[in-house]
Enquirer: 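Got a structure for you, written out below as structure tokens; questions coming shortly.
The residues of the chain are indexed from 1 along the displayed sequence. Predicted model only: the values in this text are computed from it and were never measured.
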Amino acid sequence: MMKNREIEAKVLLTSNIYQKIITSFPVKADFKQENYYFETTNDTLKKHDISLRIRIYEDHAEQTMKVPDPNPVQKDFHEVVELTDKLALNEAQARVKAGLNHQTLPFNGVIGDYLKERLSLSSTQLDIFTWSKTRRILLKGPKNCELTLDQTYYPDGYCDYELEIENTDPQLIQEVKLELEHKFAFSDNHNNQNQSKIARAAIHRK
């Protein structure tokens, strides 16, 4: 189990700017992930500002849940607490298969405990309601700050491009974001910043 505070700036990009950024910095990693999002029929998680997903990679998997941070350390960027339990690949695939058929298998670990103790939810009340598939590229960005560039596809075929700058230092996030905005001629606004993938996946369900 892992528990960490996540502070990040998230900005949707045009495909042109996305391509320019990924060819401008050294690549640290390049991989694909599938994201399957769970919810109850009456949107219990959404009402508590919680998101729950299973992520499947080529050779491993994990279940993650993002919950509100009760003691945020800053106000400028998106901030949550992320809980993560590692899963065996075959276990994750079985859970996803069951969830897509409305036969959710139990969530164990710290996430299962949180659902039961904090929300009084059993795993049988949760189904997969949408999904996304992402190519994720990690870059060594300005000031040695890691950049995450995502190209994501949704059930209806829609594709978008996103920059994430995650760091424990909000000042560094701001400095790097401003440098990138200046260099690549983009800006953030209420339409393209801090838009969660789960919300976009919900919009672009079939």
Enquirer: For side chain to side chain contact (heavy atoms under 4.5 Å, CB included), just list the numbers for R118 and V67, CA-CA rounded to whole Å, side-chain angles, deciding distance to a tenth of an Å, and then say yes or no.
Expert: CA-CA 11 Å; R118 303 286 188 91; V67 304; over 6 Å; no
Enquirer: Is the side chain of R200 donor-acceptor paired with the backbone N or O of Q195 at a distance under 3.5 Å, no angle test?
Expert: yes
Enquirer: So, taking the atom named CG in N194 and the one named CD in E164, what distance separates them when rounded to the nearest 0.5 Å?
Expert: 10.0 Å
Enquirer: Side chains of E179 and K143: does their closest heavy-atom pair fall under 4.5 Å?
Expert: yes
Enquirer: Do L180 and V11 come within less than 4.5 Å of each other through their side chains, counting heavy atoms only?
Expert: no
Enquirer: Taking K10 first and then E162, would you say they form a salt bridge - that is, a charged N and a carboxylate O separated by under 4.0 Å?
Expert: yes
Enquirer: Quick check: does any side chain N or O of D169 sit under 3.5 Å from a backbone N or O of Q171, one acting as donor and the other as acceptor?
Expert: yes
Enquirer: Ignoring hydrogens and angles, tell me if any N or O in the side chain of N189 forms a donor-acceptor pair with the backbone of N191 under 3.5 Å.
Expert: yes
Enquirer: Under a 4.5 Å cut-off applied to non-hydrogen side-chain atoms, are F38 and I111 in contact?
Expert: no
Enquirer: Does a side-chain heavy-atom distance below 4.5 Å link K46 with I198?
Expert: no
Enquirer: So I54 and F107, side chain to side chain contact (heavy atoms under 4.5 Å, CB included) or not? Walk me through it.
Expert: CA-CA 10 Å; I54 285 179; F107 281 90; 4.3 Å; yes
Enquirer: Kindly give the heavy-atom pair with the smallest separation between I7 and I173, and that separation in Å.
Expert: O-CD1, 3.6 Å
Enquirer: With distance as the sole test, does T40 use its side chain to make a donor-acceptor pair with the main-chain N or O of Q125 at under 3.5 Å?
Expert: no
Enquirer: With clusters defined by side-chain heavy atoms of hydrophobic residues (ILVMFWY) lying less than 4.5 Å apart, directly or transitively, does V81 cluster with F77?
Expert: no
Enquirer: Please give me the minimum heavy-atom distance between I17 and F186, naming the atom from each residue.
Expert: CD1-CB, 3.6 Å
Enquirer: Would T168 and V73 count as a side chain to side chain contact (heavy atoms under 4.5 Å, CB included) if you check the C-alpha gap in whole Å, the side-chain angles of each, and the deciding distance to 0.1 Å?
Expert: CA-CA 10 Å; T168 56; V73 298; over 6 Å; no
Enquirer: Does some side-chain heavy atom of L149 sit less than 4.5 Å from a side-chain heavy atom of L163?
Expert: yes
Enquirer: Is there a donor-acceptor pair under 3.5 Å between the side chain of D69 and the backbone N or O of R5?
Expert: no
Enquirer: What is the distance from atom CD of Q193 to atom CG of L12, rounded to the nearest 0.5 Å?
Expert: 10.0 Å
Enquirer: Could you state the interatomic distance from CG (D85) to CE (M2), rounded to the nearest 0.5 Å?
Expert: 9.0 Å
Enquirer: Quick one, L45 and L115 - any side-chain contact, counting heavy atoms below 4.5 Å?
Expert: yes
Enquirer: Any salt bridge between K32 and E58, counting N to O under 4.0 Å?
Expert: no
Enquirer: Does Q63 use its side chain to pair, donor to acceptor, with the backbone of N108 at less than 3.5 Å?
Expert: yes
Enquirer: Testing D150, T152, T148 for side chain to side chain donor-acceptor pair (under 3.5 Å) with R136, which one passes?
Expert: D150
Enquirer: Looking at K197 and Y154, what are the two nearest heavy atoms and their distance?
Expert: O-CE2, 4.1 Å
Enquirer: Can you give me the closest heavy-atom contact between I21 and F25, atom names plus distance?
Expert: O-CD1, 3.5 Å
Enquirer: Under 4.0 Å between a Lys/Arg side-chain N and an Asp/Glu carboxylate O for D49 and K66?
Expert: no
Enquirer: For R135 and D30, run salt bridge (charged side-chain N to carboxylate O under 4.0 Å, His left out): C-alpha distance rounded to whole Å, both residues' side-chain angles, the deciding distance at 0.1 Å, then the answer.
Expert: CA-CA 7 Å; R135 178 191 179 189; D30 184 344; 2.6 Å; yes
Enquirer: Name the one of W131, Y153, Y158 that satisfies ring pair (Phe, Tyr, Trp, His ring centres under 6.0 Å) with H204?
Expert: Y158
Enquirer: Minimum heavy-atom separation for A61 to A88, with atom names?
Expert: CB-O, 4.4 Å
Enquirer: Looking at Q19, is its backbone amide N or carbonyl O close enough to the side chain of N16 to form a donor-acceptor pair, meaning the two atoms are under 3.5 Å apart?
Expert: no
Enquirer: Treat each ILVMFWY residue as a node, draw an edge where side-chain heavy atoms are under 4.5 Å apart, and state whether L147 and V27 are in one component.
Expert: yes
Enquirer: Nearest 0.5 Å, what's the CZ-OH distance between R95 and Y36?
Expert: 15.0 Å
Enquirer: In this structure, would I128 and Y37 fall into the same cluster of hydrophobic residues linked by side-chain contacts under 4.5 Å?
Expert: no
Enquirer: Please answer whether the main-chain N or O of E6 pairs with a side-chain N or O of E79 as donor and acceptor at a distance below 3.5 Å.
Expert: no
Enquirer: So, R55 and E82, do they make that salt bridge, N to O below 4.0 Å?
Expert: yes
Enquirer: How far apart are the C-alpha atoms of Y114 and I50, what are their side-chain angles, what is the distance that settles it, and do they pass the side chain to side chain contact (heavy atoms under 4.5 Å, CB included) test?
Expert: CA-CA 11 Å; Y114 190 104; I50 292 172; 3.8 Å; yes
Enquirer: Would Y161 end up clustered with L138 when hydrophobic side chains under 4.5 Å apart are linked, directly or stepwise?
Expert: no
Enquirer: In the structure I gave you, are the side-chain heavy atoms of L83 and T64 within less than 4.5 Å of one another anywhere?
Expert: no
Enquirer: Out of curiosity, E39 CD to F129 CZ, how far, rounded to the nearest 0.5 Å?
Expert: 6.0 Å
Enquirer: Distance from D59 atom CG to F31 atom CZ, nearest 0.5 Å?
Expert: 11.0 Å
Enquirer: How close do C145 and V176 get, counting heavy atoms only, and between which atoms?
Expert: CB-CG2, 3.8 Å
Enquirer: Using modelled atom types and a 3.5 Å cut-off, is there a donor and acceptor pairing between side-chain atoms of K47 and backbone atoms of N42?
Expert: yes
Enquirer: Do the side chain of N144 and the main chain of K140 share a donor and acceptor less than 3.5 angstrom apart?
Expert: no
